[in-house]
Amino acid sequence: MDKLAIDGGTPLRGEIRASGAKNAALPLLCASLLSPEPLRLANVPRLNDVHTMQSLLSQMGVALDTSKPGEVTLSAERIDWPLAPYELVKTMRASILALGPLLARCGEARVSLPGGCAIGLRPVDQHVKGLEAMGAAIDLTHGYIHARGKLTGAKVVFDMVTVTGTENLMMAATLAEGTTVLENAAREPEVADLARCLAAMGARITGAGSDRIVIEGVTRLHGASHAIMPDRIETGTYLAAVAAAGGSAAVVGADPDSLDAVLLKLCEAGAAIAVDGDVIRIERTGPLAAVNVRTAPHPGFPTDMQAQFMALAARAEGTAVITETIFENRMMHVQELQRLGADIEVEGSSAVVKGVAKLTGANVMATDLRASACLVIAGLVAEGRTTIDRIYHLDRGYERIEDKLSALGARIARVK
Ligand code: UD1
């Protein structure tokens, strides 16, 4: 199993390019199921999760053309197997995103229940409830969600903000008969990106990006081309890395508007940020200040950046309180940060982080995707060598992380 070896203590300088967003790519790939005509996606990130989703779609009968780098064209002329099997779903919970489009297009779908997930229970009851409100008959048997029926427009009020729940129902509603209204919908930029692509395919959607989305069903969607939005979490991770390690760098091809909460917190931590079109520059030469963080649905502070900010706080001056409100078990990086010398106490869903003067390199283990990013940042500021085990988590969501950080001058290498 691959590991990452990082020799910390080098300030970061230079320029890197943002990749396409993982969390936009996954629903967009599933959107191809809605039309018999080809969907061409550009700015597709090279990630294990994207590869898994492509395999899943290919098993269903979708033809994929990946011959051009950074592009994929998906043709779901026929769907032979409207099925997402356990073997693939267990490795990637986002496979649930196939449920809505399959049901809407084929009138039937079988998707394995995602099951346990390291960062929390993450049930899919909102997806199921919404599809039932739209007229689907749903059985949960043998670990599978079996959904059948013709969908009709309905009013759905989500009990909590769910990103993939909103995306699943929005996709299903595009081909339902009549109008669907999604209330308390997720406002994440990836939902709006998906709506842009669906509109290019002929869907009639208003309000995506707000908490009320209205979808008027159409009988058929056509082919389209769509460029996937830049990854705001990847961008935020590199900016946090520069803030932590010190130095001056730029992320080009980014989407600054999707990062307001993160950029403000980086400024509070003592970094200078300058935005120019799709370029975000960051410089941190002075001391690093402790900043409190409380995760919330967009436009609040993203849960996917919580762990990276904990790494920042570990070396900051003062005490930061970091509160996780979205997932019940998303503090697994704490134990690993402690191995590097961080002073952190977890109280319920909050971590009290007392900044220390130095972190020291150690062997640590990645437990989930964003926890891995947190350990990379901590390794960049720690004295000596940090070795991170189980980096397959990183490969699910960061494209060539060691190459991008090396381009910024970090001493980081993948060890086979
Ligand atoms: C998506 C993102 C993930 C991010 C998360 C929160 C993708 C592929 N993944 O995950 O990176 O961390 O949003 O911003 O876009 N919940 C229920 N019932 C449901 C659905 C959700 O109780 O039917 C709960 C979950 O357990 C969790 C909360 O709602 O506590 C938010 O989850 P959700 O927004 O659905 O996360 P994902 O869409 O899986």
Side-chain angles (χ1 to χ4, degrees), residues 20-31 45 47-50 52-53 56 89 91-100 111 113-133 138 140 145 147 156-172 182 184-195 211 228-229 231-234 236-237 258-259 261-262 294-309 323-333 349 368-374 393-394 396-398:
K22 169 180 89 73
N23 286 355
L26 299 176
L28 284 163
L29 289 165
C30 289
L47 299 171
N48 283 355
D49 272 9
V50 166
T52 304
M53 188 62 92
L56 185 66
V89 178
T91 67
M92 189 184 61
R93 199 190 119 85
S95 315
I96 189 75
L97 284 162
L99 179 63
V111 175
L113 277 165
C117 173
I119 65 172
L121 290 171
R122 304 178 88 179
V124 290
D125 57 310
Q126 300 299 305
H127 305 237
V128 169
K129 249 177 58 179
L131 292 173
E132 279 177 339
I138 297 189
L140 301 179
I145 304 171
V156 176
V157 183
F158 291 105
D159 292 345
M160 80 285 293
V161 176
T162 157
V163 179
T164 48
T166 301
E167 292 165 341
N168 226 342
L169 296 191
M170 186 166 76
M171 287 192 278
L182 305 178
N184 197 25
R187 290 181 282 170
E188 267 64 8
E190 293 78 12
V191 175
D193 200 39
L194 173 64
D211 61 2
I228 298 174
M229 68 173 288
D231 196 315
R232 62 194 168 100
I233 305 300
E234 186 209 27
T237 299
S258 63
L259 275 155
V262 170
R294 186 181 178 83
T295 63
H298 193 79
F301 188 90
T303 173
D304 286 349
M305 283 298 300
Q306 179 258 104
Q308 298 87 318
F309 267 68
T323 306
E324 173 58 52
T325 73
I326 311 285
F327 293 113
E328 60 272 23
N329 188 23
R330 206 171 201 184
M331 293 274 177
M332 284 174 295
H333 39 285
S349 58
D368 65 63
L369 172 55
R370 306 304 169 186
S372 323
C374 150
H393 291 292
L394 270 178
R396 288 186 44 210
Y398 289 91

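One-based numbering, in listed order, for ligands and for the atoms of each.
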### Under 3.5 Å: N/O of T164 near N/O of ligand 1
yes
#### Entry: Sub-4.0 Å atoms of ligand 1 with respect to non-hydrogen atoms of R330
12 (O)
### Task
Using non-hydrogen atoms of the residue, decide whether M53 is closer than 4.0 angstrom to ligand 1.
no
#### Entry: Location of contacts on M305 toward ligand 1, heavy atoms closer than 4.0 Å
neither
### Query
Rounded to the nearest 0.5 Å, what separation is found between the CZ atom of R294 and the OG atom of S349?
7.0 Å
### Task
Would you mind listing which atoms of ligand 1 come within a distance below 4.0 Å of any non-hydrogen atom of H127?
23 (O)
### Task
Calculate, to the nearest 0.5 Å, the distance between atoms OH and NE2 belonging to Y398 and H393 respectively.
13.0 Å
### Query
Roughly how far, to the nearest 0.5 Å, is CZ of R330 from CG of D368?
6.0 Å
### Task
Record the part of Q126 in heavy-atom contact with ligand 1 below 4.0 Å; permitted values are side chain, backbone, both and neither.
both
### Task
Answer with yes or no whether V128 contacts ligand 1, where contact means a heavy atom under 4.0 Å from a ligand atom.
no
### Task
Using modelled atom types only, decide if a donor and an acceptor are shared between the side chain of E328 and the backbone of E324 within a distance under 3.5 Å.
no
### OG1-CD1 distance between T164 and I96, expressed to the nearest 0.5 angstrom
7.5 Å
### Task
Quick one: list whatever passes salt bridge (Lys or Arg N to Asp or Glu O under 4.0 Å) with R232, sequence neighbours left out.
E190
### Query
Given that the side chain starts at C-beta and the backbone is N, CA, C, O, which of these parts of D304 lies under 4.0 Å from ligand 1, counting heavy atoms, or is it both or neither?
side chain
### Task
Before signing off on this row, confirm whether I326 and ligand 1 have an N or O atom pair separated by under 3.5 Å.
yes
### Those residues that, when tested against F301, pass ring-ring contact (aromatic ring centres under 6.0 Å, His included) (two or more places apart)
F309
### Query
Is the shortest distance from a heavy atom of E190 to ligand 1 less than 4.0 Å?
no
### Message
Keeping T325 on the side-chain end and T295 on the backbone end, is there a donor-acceptor pair under 3.5 Å?
### Response
yes
#### Entry: Option among V156, I145, N168, I138 that satisfies the side chain to side chain contact (heavy atoms under 4.5 Å, CB included) test with L131
I138
#### Entry: Region of T303 that comes within reach of ligand 1 [heavy atoms, distance under 4.0 Å]
side chain
### Task
Considering only NZ, NE, NH1 and NH2 on the basic side and carboxylate oxygens on the acidic side, decide whether R187 and D211 come within less than 4.0 Å.
no
### Query
Between CE of M305 and OG1 of T237, what distance do you get to the nearest 0.5 Å?
4.5 Å
### Check: E188 N/O within less than 3.5 Å of ligand 1 N/O
no
### Message
I need the atoms of ligand 1 closer than 4.0 Å to a non-hydrogen atom of R93, numbered in the order shown.
### Response
39 (O)
#### Entry: G165, A24, A21, P123: member with heavy atom nearest to atom 20 (C) of ligand 1
P123
### Task
Record the part of H298 in heavy-atom contact with ligand 1 below 4.0 Å; permitted values are side chain, backbone, both and neither.
neither
### Message
List ligand 1 atoms under 4.0 Å from V161, heavy atoms only on the residue side.
### Response
31 (C), 34 (O)
### Query
Can you find an N/O atom of N23 closer than 3.5 Å to an N/O atom of ligand 1?
yes
